[in-house]
Amino acid sequence: MASEREDFSLTGPLHLTSVDWESAHHRRSVAASLVQAVYILERDRQEKRQDSQVLAPPWYEFFHFRLLRLLVDDVDHSIFGAVYEFKPPASYCNDSLDGSPRYVIAFRGTLTKPDSLSRDLELDLHLIRNGLHRTSRFEIAMQAVRNIVASVGDSNVWLAGHSLGSAMAMLAGKTMVKNGMFIESFLFNPPFFSAPIERIKDKKVKHGIRFASSVITAGLTLAMKGNHNNQRNQAEDPFAALSAWIPCLFVNPADHIGSEYVGYFEHRKKMEEIGAGGIERLATQNTIGGLLMHAMGKESEPPLHLIPSASLTVNLTPSQEFKQAHGIHQWWQPDLQLQTKLYNSWKQLPANRIQSD
């Protein structure tokens with residue numbers, strides 16, 4: 001049975017009758033709606049809805065997108081992603097299309113329904129263990145991204161995802177950077193797996209814990225890798241190269257799955273302010289666990305959440321419960337109190353603002 005939250009006419013962003021592609025609110029709302037459509041495409045499949053019963057199409061057709069391709073998991077055959085093509089009507093003038101994508105590749109998160117839950121939880125475990133890049137689902141997603149970018153270029157493509165899906169999109173974006181491709185990305189409630197420091201209320205205690213962690217991590221980095229980092233040209237440093245990619249992250253401080261991003265970036269700013277930016281640059285690229293694996297001769301990928309740059313939007317609107325704070329629906333609501341900060345090249349830029357939609 002369909003829930004009210006799946007019905008676009010009841011819970012969708014109906015106020016966006018005309019999309020201004022230069023508006024941050026409009027772009028965010030469209031990207032979030034396309035991710036929501038992936039959730040409902042899978043629910044349509046699970047509930048065997050057909051013809052007039054399907055609920056997914058309004059979530060993308062309202063914004064003049066068409067479904068180009070479904071991304072289907074090879075293990076449980078669930079729909080985990082979709083490729084959309086933007087097909088505006090002929091009445092649209094070219095000026096109104098500035099900032100619009102040609103294609104959007106969107107990924108859903110974990111669905112707590114029997115037909116997909118087991119496989120989704122398996123992917124969640126791979127994510128926690130920093131092994132998402134080794135899964136067949138990611139390979140399917142990555143092939144779709146490569147194919148679209150090869151045909152139209154990276155400037156015409158958006159990536160979007162929520163929760164587990166945002167991790168997929170982030171990993172795809174980071175992978176494309178290695179090939180010199182920088183894809184605009186909208187990452188809703190991206191997971192950040194670490195100790196829940198952000199839940200500590202005392203700001204001095206929080207900063208103290210983060211400072212100690214940074215010093216230990218930087219010290220271990222120097223001890224285990226010697227002068228290797230200093231000998232590398234910055235242009236050859238993959239983490240430095242990654243700083244040119246600035247994904248849009250959307251986080252709710254009441255969502256404990258992704259709220260650590262707030263402290264992650266704010267701590268970097270504080271370290272720069274007290275003259276400890278060099279320590280933090282070393283600490284930002286590594287985790288203690290990863291360094292210990294390296295010491296034991298086991299190579300591992302850097303944790304997915306370690307990124308040097310981002311446009312971080314925090315929803316300061318009070319959330320009544322975790323489910324609401326982690327949900328995708330919040331990101332197209334009007335009258336939100338949002339704070340957006342742009343972090344670039346390991347430093348905070350002055351483009352900070354608080355906005356209300």
Side-chain angles (χ1 to χ4, degrees), residues 6 30-50 54-61 63 65-87 101-127 131-154 156-176 179 181 183-191 247 304 328:
E6 294 175 346
V30 172
S33 296
L34 295 178
V35 173
Q36 171 70 350
V38 181
Y39 278 106
I40 303 174
L41 283 164
E42 170 57 14
R43 289 295 293 141
D44 283 343
R45 182 193 74 87
Q46 291 181 5
E47 296 295 323
K48 297 180 173 57
R49 300 172 190 149
Q50 296 181 353
V54 296
L55 295 176
W59 289 92
Y60 50 86
E61 291 177 349
F63 305 107
F65 284 87
R66 75 178 184 94
L67 180 61
L68 186 67
R69 180 189 168 190
L70 296 174
L71 301 180
V72 179
D73 191 282
D74 63 335
V75 175
D76 68 352
H77 307 294
S78 65
I79 298 167
F80 71 88
V83 180
Y84 305 100
E85 182 181 14
F86 184 46
K87 300 291 287 185
R102 281 189 62 186
Y103 296 93
V104 177
I105 307 170
F107 308 101
R108 66 167 175 83
T110 302
L111 257 177
T112 56
K113 302 296 180 182
D115 287 355
S116 54
L117 180 59
S118 176
R119 175 61 169 163
D120 287 351
L121 290 178
E122 179 185 341
L123 270 291
D124 289 332
L125 288 175
H126 280 292
L127 174 60
L132 190 60
H133 60 288
R134 292 189 290 267
T135 65
S136 59
R137 179 180 290 191
F138 177 69
E139 286 300 320
I140 294 168
M142 200 63 239
Q143 190 59 53
V145 173
R146 290 193 180 101
N147 290 344
I148 293 294
V149 171
S151 63
V152 300
D154 56 335
N156 294 302
V157 180
W158 285 5
L159 293 173
H162 173 250
S163 193
L164 172 62
S166 71
M168 297 276 290
M170 181 182 289
L171 184 55
K174 291 176 76 170
T175 302
M176 294 303 291
N179 299 319
M181 303 288 185
I183 306 178
E184 188 156 3
S185 302
F186 297 80
L187 311 177
F188 301 98
N189 302 88
L304 183 59
I328 187 70

Residues that [X] engages under side-chain hydrogen bond (donor to acceptor under 3.5 Å, both in side chains), provided they are two or more places apart:
| X | value |
| --- | --- |
| Asp74 | Ser136 |
| Thr175 | none |
| Asn156 | none |

Does any part of the side chain of [Y], heavy atoms only, come nearer than 4.5 Å to the side chain of [X], both counted from C-beta?
| X | Y | value |
| --- | --- | --- |
| Ile140 | Phe80 | yes |
| Val30 | Phe65 | yes |
| Glu184 | Pro101 | no |
| Lys113 | Arg43 | yes |
| His126 | His133 | no |
| Leu70 | Arg45 | no |
| Ser78 | Arg108 | yes |
| Leu67 | Leu41 | yes |

Set of salt bridge (charged side-chain N to carboxylate O under 4.0 Å, His left out) partners for Asp73, sequence neighbours left out: Arg119, Arg137
Arg146: partners by salt bridge (charged side-chain N to carboxylate O under 4.0 Å, His left out), with sequence neighbours left out: none
Distance-only, no hydrogens or angles: does the [X] side chain make a donor-acceptor pair with backbone N or O of [Y] under 3.5 Å?
| X | Y | value |
| --- | --- | --- |
| Tyr39 | Leu111 | no |
| Glu42 | Ile79 | yes |
| Lys174 | Leu304 | yes |
| Trp59 | Glu6 | yes |
| Tyr84 | Leu34 | yes |
| Arg102 | Gly153 | no |

How long is the straight-line distance from [atom2] of [Y] back to [atom1] of [X], given to the nearest 0.5 Å?
| X | Y | atom1 | atom2 | value |
| --- | --- | --- | --- | --- |
| Asp124 | Leu132 | CG | CG | 9.0 Å |
| Asn189 | Ile328 | CG | CD1 | 6.5 Å |
| Leu127 | Leu123 | CG | CG | 8.5 Å |
| Asn147 | Met142 | CG | CE | 10.0 Å |
| Thr110 | Leu164 | OG1 | CG | 4.5 Å |
| Asp115 | Asp76 | CG | CG | 8.5 Å |

Any residue meeting side chain to side chain contact (heavy atoms under 4.5 Å, CB included) with Val54, in chain and number order, not counting sequence neighbours: Asp44, Arg49, Pro57
How far apart are the closest heavy atoms of [X] and [Y], and which atoms are they?
| X | Y | result |
| --- | --- | --- |
| Gly109 | Asp120 | O-OD2, 4.0 Å |
| Ser166 | Pro191 | OG-CD, 3.5 Å |
| Ala160 | Ala31 | CB-O, 4.2 Å |
| Leu71 | Ala144 | CD2-CB, 3.7 Å |

Passing option when Leu159 is tested against Ile105, Leu187, Leu171 for side chain to side chain contact (heavy atoms under 4.5 Å, CB included): Ile105
Test side chain to side chain contact (heavy atoms under 4.5 Å, CB included) applied to Asp154 and Val145, Ile183, Asn179, the passing residue: Ile183
